[in-house]
Amino acid sequence: MTMAIPSFTVETRTRASALSTIAVIALLLLALAAPFIVSRGVIQDLFFILTMLVLAQNWNLLAGYAGLISVGQQVFVGFGAYMMFGCVILFGVDPVAAILIAGVLSIALAIPTAFFTFRLYGPYFAIGTWVVAEVVRLLLAQWKALGGGTGTSLPRDATREMMGVGTMRDLFGMKASEAGDALTYWLALILAVATIGFIYRLLRSKQGLGLAAVRDNEQAARAVGVDARRMKTLVYLATAFMTGIAGALIYLQKARISPDAAFSVTDWTAYVIFIVVIGGIGTIEGPILGVIIFFLLQNLLADYGSWYLLMLGLLGIAIMLFAPRGLWGLFSGRTGIQLFPVRRVLKGGPLNLTHRGGPHG
C-alpha cells in the first residue's frame with residue numbers, strides 16, 4: 001500500500017540573506033578597523049549613524065512590530081544621559097560602567113511609565129508618551145547638582161581616564177581625545193550590532209510570531225492565547241533599556257548635557273520617525289537604509305536653514321503617499337530580496353512511502 005505523507009519544512013533563510021551574512025561579516029571587520037583607517041571626523045560621523053540607527057531600530061520595534069506609536073522616546077534618551085552624568089559626577093563611577101547603569105535605570109523608569117501609558121490606545125498613547133517625556137524633562141531641569149535648566153559638562157578627567165582609554169593610548173599611541181572617540185565609536189558599533197541581533201532573533205522566535213499577531217489584530221491574538229499586554233510590556237522595557245544606553249553613549253561623546261537638548265523631540269523622535277518611515281517601517285533593513293539617506297540629506301541640505309526641515313518633511317510625505325512601505329519595502333516588493341528574512345515559508349510536498357502489509361508483508 002502506498003501512502004502520501006505530507007513532508008513540509010519551514011524556512012526563513014533566503015539566498016540573499018546567506019550572501020548578506022558574508023557581506024555583513026566583512027563590513028563589521030572593516031568597521032572595527034575604521035579608527036585606524038579614517039580620520040577622526042569620519043569616526044564621529046560613523047558614531048552619529050550608528051547611534052541614530054539604534055534609536056531607529058528601537059522605535060521601529062515599538063511601532064512597526066508591537067503597534068505602539070510613541071512620540072516620547074526622547075524620555076529614555078534624556079533620562080539615560082542624565083543617569084550617566086549623575087553616576088559619573090556625583091558618585092565617581094567610570095563612564096563606561098555608568099552607561100550600563102543608565103540602561104538599567106531606564107528600565108526602572110519604563111515600568112511606571114508603561115503602567116500609565118498602556119491604559120491609553122492609538123493617538124492617546126502617543127500623546128501620553130510625549131507628556132511623560134515632558135514631565136521627566138521638567139523634573140530633571142530642577143536637578144541643581146547637574147546644572148538645573150542650563151545643564152553641565154562631564155569632568156575632563158572622567159573622559160580622559162575612563163575604562164579602555166589608557167590601554168588604547170599605550171597599545172596604539174593614540175592621543176586621549178582620539179582614544180575617547182575610538183572607544184565611544186566601538187561601543188556604538190557593539191550596541192548597534194547587539195540591537196539588530198536581538199530584534200532579529202526575537203522576530204524569528206515564537207514570541208516574534210505572537211508580537212506580529214498582536215500588531216495585526218490584538219483581539220484575535222488574545223483569542224488564540226497570546227498575552228498581548230505581556231508582549232507589549234517586554235518590548236517596551238527592552239527598547240527603554242537599549243534607548244537609555246544609546247542616550248548615555250551619545251552624551252558621553254558630547255560630554256555636555258542640558259534638559260532641552262537631551263529631551264529634544266526633533267532630534268531624538270522626529271528624526272527617528274523620519275528615518276523609519278522613509279526606510280521602511282516593519283523591516284530591519286528599512287532603518288538601516290533610512291539612516292544612511294538621512295545622513296546624506298543632512299549633509300547636503302543643512303546649509304539651507306529652515307528650508308532643510310521643509311524639504312525633509314516634503315520628502316517624508318511623498319514617500320508615505322507613493323511608497324507607504326518605505327523605500328526598502330518598495331525595493332523588496334519588486335525584487336523579493338530580504339537581507340533579514342523573518343517570514344516563515346512552508347516548503348516541500350507529499351512524500352510517497354510504500355507500506356507492505358498482510359500475513360506475508
Side-chain angles (χ1 to χ4, degrees), residues 44-64 68-81 106 126-127 129-130 132-134 136-137 184-185 188 191-192 195-196 199 239-240 242-254 256-320 323-329:
Q44 292 174 348
D45 288 340
L46 292 174
F47 175 86
F48 171 79
I49 290 172
L50 290 170
T51 49
M52 290 300 288
L53 175 60
V54 171
L55 298 179
Q57 289 287 0
N58 278 284
W59 191 87
N60 185 47
L61 178 60
L62 269 180
L68 297 171
I69 309 297
S70 171
V71 293
Q73 286 305 96
Q74 70 272 14
V75 66
F76 299 116
V77 175
F79 186 79
S106 294
I127 295 171
T129 57
W130 175 76
V132 168
E134 285 299 296
V136 175
R137 181 185 68 83
T184 53
Y185 163 74
L191 179 60
T195 300
I196 294 174
I199 294 173
T239 56
M242 292 183 286
T243 303
I245 288 179
L249 189 55
I250 289 168
Y251 279 91
L252 173 60
Q253 200 261 356
K254 291 178 179 291
R256 169 145 189 95
I257 195 170
S258 68
D260 291 341
F263 291 88
S264 171
V265 179
T266 301
D267 291 341
W268 313 126
T269 298
Y271 285 159
V272 167
I273 294 174
F274 175 81
I275 288 169
V276 176
V277 167
I278 65 169
I281 192 169
T283 65
I284 295 177
E285 301 92 340
I288 298 174
L289 177 61
V291 76
I292 295 172
I293 295 174
F294 173 71
F295 174 75
L296 295 176
L297 289 174
Q298 189 178 55
N299 282 271
L300 290 172
L301 305 176
D303 293 336
Y304 291 93
S306 58
W307 288 97
Y308 158 65
L309 296 175
L310 179 61
M311 285 184 277
L312 288 183
L314 291 175
L315 177 61
I317 292 171
I319 290 177
M320 285 187 285
R325 295 173 55 200
L327 296 178
W328 179 262

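Note that the structure is a prediction, hence the values are computed from the model and not measured.
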Review point. Which distance, rounded to the nearest 0.5 Å, do you find between the CG of L61 and the CD1 of I284?
Key: 9.0 Å
Exercise for review: Could you tell me whether the side chain of I288 reaches within less than 4.5 Å of the side chain of L53, counting heavy atoms only?
Suggested key: yes
Review point. Is there a donor-acceptor contact under 3.5 Å from the side chain of W59 to the main chain of T269?
Key: no
Check your understanding: Would you say the side-chain atoms of T129 pair up with the backbone N or O of A126, donor to acceptor, closer than 3.5 Å?
Key -> yes
Check your understanding: W268 vs Y251 aromatic rings, parallel, tilted or perpendicular, using cut-offs 30° and 60°?
Key -> perpendicular
Point to revise | Straight-line distance of L289 CG to I278 CD1, nearest 0.5 Å | key: 7.0 Å
Revision key, fill the gap. Between G72 and A133 the two heavy atoms that sit nearest each other are O-CB, 3.9 Å
Check your understanding: Any side-chain heavy atom of Y271 sitting closer than 4.5 Å to one from L55?
Key -> no
Revision key, fill the gap. Between F263 and G78, the two heavy atoms sitting closest are CZ-C, 3.6 Å
Review point. What is the distance from atom CG of L315 to atom CG of L301, rounded to the nearest 0.5 Å?
Key: 9.0 Å
Point to revise | T283 and R325, any side-chain heavy atoms less than 4.5 Å apart | key: no
Revision key, fill the gap. Between G244 and S106 the two heavy atoms that sit nearest each other are CA-OG, 3.4 Å
Practice item. Kindly give the heavy-atom pair with the smallest separation between A262 and V77, and that separation in Å. Key: O-CG1, 4.0 Å
Study note, to complete from the structure: Minimal heavy-atom distance between L62 and S70, with the atoms involved, is CD1-CB, 4.4 Å
**Study point:** Intermediate values then yes/no, side-chain contact (heavy atoms from CB on, under 4.5 Å), I275 and M52
**Key:** CA-CA 9 Å; I275 288 169; M52 290 300 288; 3.9 Å; yes
Point to revise | Derivation and outcome, side-chain contact (heavy atoms from CB on, under 4.5 Å), residues I199 and Q57 | key: CA-CA 8 Å; I199 294 173; Q57 289 287 0; 3.9 Å; yes
Exercise for review: Calculate, to the nearest 0.5 Å, the distance between atoms CG and CD1 belonging to L314 and I319 respectively.
Suggested key: 11.5 Å
Practice item. Quick one: do V54 and L50 satisfy side-chain contact (heavy atoms from CB on, under 4.5 Å)? Show the steps, please. Key: CA-CA 6 Å; V54 171; L50 290 170; 5.7 Å; no
**Study point:** Nearest-0.5 Å distance, CG of residue D303 to OH of residue Y308
**Key:** 11.0 Å
Check your understanding: Is it true that a side-chain atom of T51 and a backbone atom of F48 form a donor plus acceptor pair closer than 3.5 Å?
Key -> yes
Point to revise | Spacing of CD1 belonging to I293 relative to CG belonging to L312, to within rounding of 0.5 Å | key: 11.5 Å
Review point. Hey, does D267 have a side-chain heavy atom less than 4.5 Å from the side chain of Q74?
Key: no
Check your understanding: Are T239 and L68 side-chain neighbours, meaning at least one heavy-atom pair lies under 4.5 Å?
Key -> no
**Study point:** Heavy-atom side-chain proximity of I250 to K254 below 4.5 angstrom
**Key:** yes
Practice item. List the atom of N60, the atom of G280, and the distance in Å for their closest heavy-atom pair. Key: OD1-O, 4.4 Å
Check your understanding: Do V75 and R137 have side chains that get closer than 4.5 Å, going by heavy atoms?
Key -> no
Review point. Are Y304 and L310 close enough, and set up right, to give a side-chain contact (heavy atoms from CB on, under 4.5 Å), and what steps lead you there?
Key: CA-CA 10 Å; Y304 291 93; L310 179 61; over 6 Å; no
Practice item. Indicate yes or no: at least one non-hydrogen side-chain atom of V277 is less than 4.5 angstrom from one of M320. Key: yes
